[in-house]
There are 2 protein chains.
Amino acid sequence: MKVEVAMQKLKEKGYKYTQKREKILEIFTKVNGYLSVKDVYKKIKQDYPTISLNTVYLNLSFFEEAEILETTDLNGEKVYRFSCEDQHHHHIICTECGKVKAINICPMDAIYGNPPGFTITGHKFEIYGCCDECNK
Amino acid sequence: MKVEVAMQKLKEKGYKYTQKREKILEIFTKVNGYLSVKDVYKKIKQDYPTISLNTVYLNLSFFEEAEILETTDLNGEKVYRFSCEDQHHHHIICTECGKVKAINICPMDAIYGNPPGFTITGHKFEIYGCCDECNK
DNA sequence: TTTTAAATAATAATAAATACTATTTATTTC
DNA sequence: GAAATAAATAGTATTTATTATTATTTAAAA
Ligand SMILES: [Mn+2]
Ligand SMILES: [Mn+2]
Ligand SMILES: [Zn+2]
Ligand SMILES: [Zn+2]
């Protein structure tokens with residue numbers, strides 16, 4: 001997703017435009033992987049040294065709500081990345097640096113209906129690994 | 001896994017026998033699902049009102065290390081359950097109460113070798129839902 | 001029974017995440 | 001463009017999960 005499209009999406013949801021929000025999104029476009037709140041905080045501090053960590057927390061939550069960012073847990077920490085807008089798929093994730101690679105298989109294709117006693121609301125399929133860079 | 005087998009496994013790894021450990025394992029046998037540390041703490045307090053929360057934390061970690069318990073994240077919290085010793089499989093999990101049901105499909109069966117640029121170290125496939133009891 | 005190494009309790013320390021409030025700012029309205 | 005308003009932000013406090021520390025107790029070995 002492009003930054004402008006994401007900002008437009010935000011606007012439609014009634015959020016205001018701010019430079020910091022744009023910058024946060026820009027940070028995510030430059031990374032093909034998950035970032036923690038602190039990762040984003042460190043990066044945006046280069047441009048806005050006085051930004052509050054709380055602001056980063058809030059905005060990442062808003063972005064998630066607006067389905068601009070998606071999240072997962074990496075080592076017990078919530079991490080964020082740009083939502084994949086193309087067809088539903090899953091990822092292999094480097095547990096060291098958060099880098100991702102798409103996997104064009106969804107195990108739900110083999111699941112028919114709801115298992116007895118349960119109503120399905122979601123699923124997660126993630127392969128974990130170490131990328132070549134982190135392997136060095 | 002039976003409690004005695006698990007305690008035996010612990011012994012082999014050099015851990016001592018304690019009543020509290022046995023009780024913790026007993027708690028897990030009575031529940032077909034994941035429990036948080038606090039869940040276990042509350043339950044065991046009925047028998048050992050002076051037990052320390054830290055003791056629960058420590059023992060659950062030991063059990064995980066000894067592969068007696070397995071874990072996942074539920075609503076950002078680490079939760080534990082008895083390890084499945086039968087053939088590798090996955091689960092549908094009630095996000096309300098942690099109850100689980102086996103799914104005899106593993107998406108890794110369709111993955112051959114390592115994707116370029118990555119070394120696979122693990123995977124997670126979980127279906128989330130709400131069980132009939134929690135739906136009421 | 002004595003020894004000793006691990007288990008526990010009690011408490012302190014960390015770290016992620018959330019809550020609160022005064023101030024600032026983007027956007028609306030005139 | 002200036003004033004009004006509602007949201008965004010900074011700064012700080014609080015909460016909550018988890019880990020660390022240390023003195024005491026206890027299971028198991030000698
Ligand atoms: Mn993708
Ligand atoms: Mn199972
Ligand atoms: Zn990596
Ligand atoms: Zn349930």
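Order of the sequence lines fixes the chain letters, A, B, ..., with proteins taken first and strands second; residue numbering starts at 1 for each chain.
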Requested in this report: Can you figure out which of C/dT8, C/dA9, C/dA16 approaches the side chain of B/Asn59 most closely?
Outcome: C/dT8
Report task. Identify whether any heavy atom of A/Ser36 sits under 4.0 Å from a base atom; if not, whether one sits that close to sugar-phosphate; answer base, sugar-phosphate or nothing. Result -> nothing
Requested in this report: Would you mind reading off the distance between B/Asn75 atom CG and D/dA17 atom P, rounded to a whole angstrom?
Outcome: 11 Å
Report task. Ignoring backbone atoms, test whether B/Lys38 places a side-chain nitrogen or oxygen under 4.0 Å from the OP1 or OP2 oxygen of D/dA17. Result -> yes
Report task. Report which part of the nucleic acid A/Ile51 touches: base, sugar-phosphate, or nothing (heavy-atom distance under 4.0 Å, all strands). Result -> sugar-phosphate
Report task. May I ask you to evaluate whether A/Ser52 reaches the phosphate of D/dT12, defined as a side-chain N or O under 4.0 Å from OP1 or OP2? Result -> no
Query raised in the report: To the nearest angstrom, how far is A/Tyr41 atom OH from C/dA16 atom P?
Result: 13 Å
**Report entry** Interatomic spacing from CD1 in A/Ile24 to CD1 in A/Ile68 - rounded to 0.5 Å
**Finding:** 11.0 Å
Report task. Check whether any side-chain nitrogen or oxygen of A/Thr18 sits under 4.0 Å from OP1 or OP2 of C/dA26, and answer yes or no. Result -> no
**Report entry** Atom-to-atom span, CD of B/Glu22 to C1' of C/dA7 - whole angstrom
**Finding:** 16 Å
Query raised in the report: A/Leu58 CG to C/dT18 P: how many Å, rounded?
Result: 9 Å
Query raised in the report: Taking the side chain of B/Lys16 as its heavy atoms from C-beta onward, which of C/dA16, D/dA8, C/dA7 lies nearest to it?
Result: C/dA7
Query - Spacing of B/Leu60 atom CG relative to C/dT8 atom P, expressed in whole Å - result: 11 Å
Query raised in the report: Under 4.0 Å between a Lys/Arg side-chain N and an Asp/Glu carboxylate O for A/Glu26 and A/Lys23?
Result: yes
Query - Spacing of NE2 belonging to B/His90 relative to CZ belonging to A/Phe125, to within rounding of 0.5 Å - result: 7.5 Å
Query - Between OH on residue A/Tyr34 and CZ on residue A/Phe82, distance to nearest 0.5 Å - result: 13.5 Å
Report task. From the options D/dA10, C/dA17, D/dT19, select the nucleotide whose nearest atom is closest to the side chain of A/Lys20. Result -> D/dA10
Query raised in the report: A/Tyr17 has an atom OH; how far is it from atom P of C/dT27, in whole Å?
Result: 8 Å
Query raised in the report: C/dT8, D/dA8, D/dA10: which one has an atom nearest the side-chain heavy atoms of A/Tyr15?
Result: D/dA8
Query raised in the report: Which nucleotide, D/dT9, D/dT18, C/dA9, lies nearest any side-chain atom of B/Tyr57?
Result: D/dT18
Query raised in the report: Of the nucleotides D/dT9, C/dT8, D/dT19, which has the atom closest to the A/Arg21 side chain?
Result: D/dT9
Query raised in the report: Taking for each residue the nucleotide of DNA chain D with the nearest heavy atom, is it B/Glu77 or B/Lys11 whose nucleotide lies nearer the 5' end?
Result: B/Glu77
Report task. Please answer: with hydrophobic residues joined when any side-chain heavy atoms are less than 4.5 Å apart, are B/Val100 and A/Met108 in the same cluster? Result -> no
Query raised in the report: Quick one: B/Leu10 CG to C/dA7 P, roughly how many Å, whole number?
Result: 9 Å
**Report entry** Protein-nucleotide distance (B/Asn54, atom CG; C/dA13, atom C1'), rounded to Å
**Finding:** 12 Å
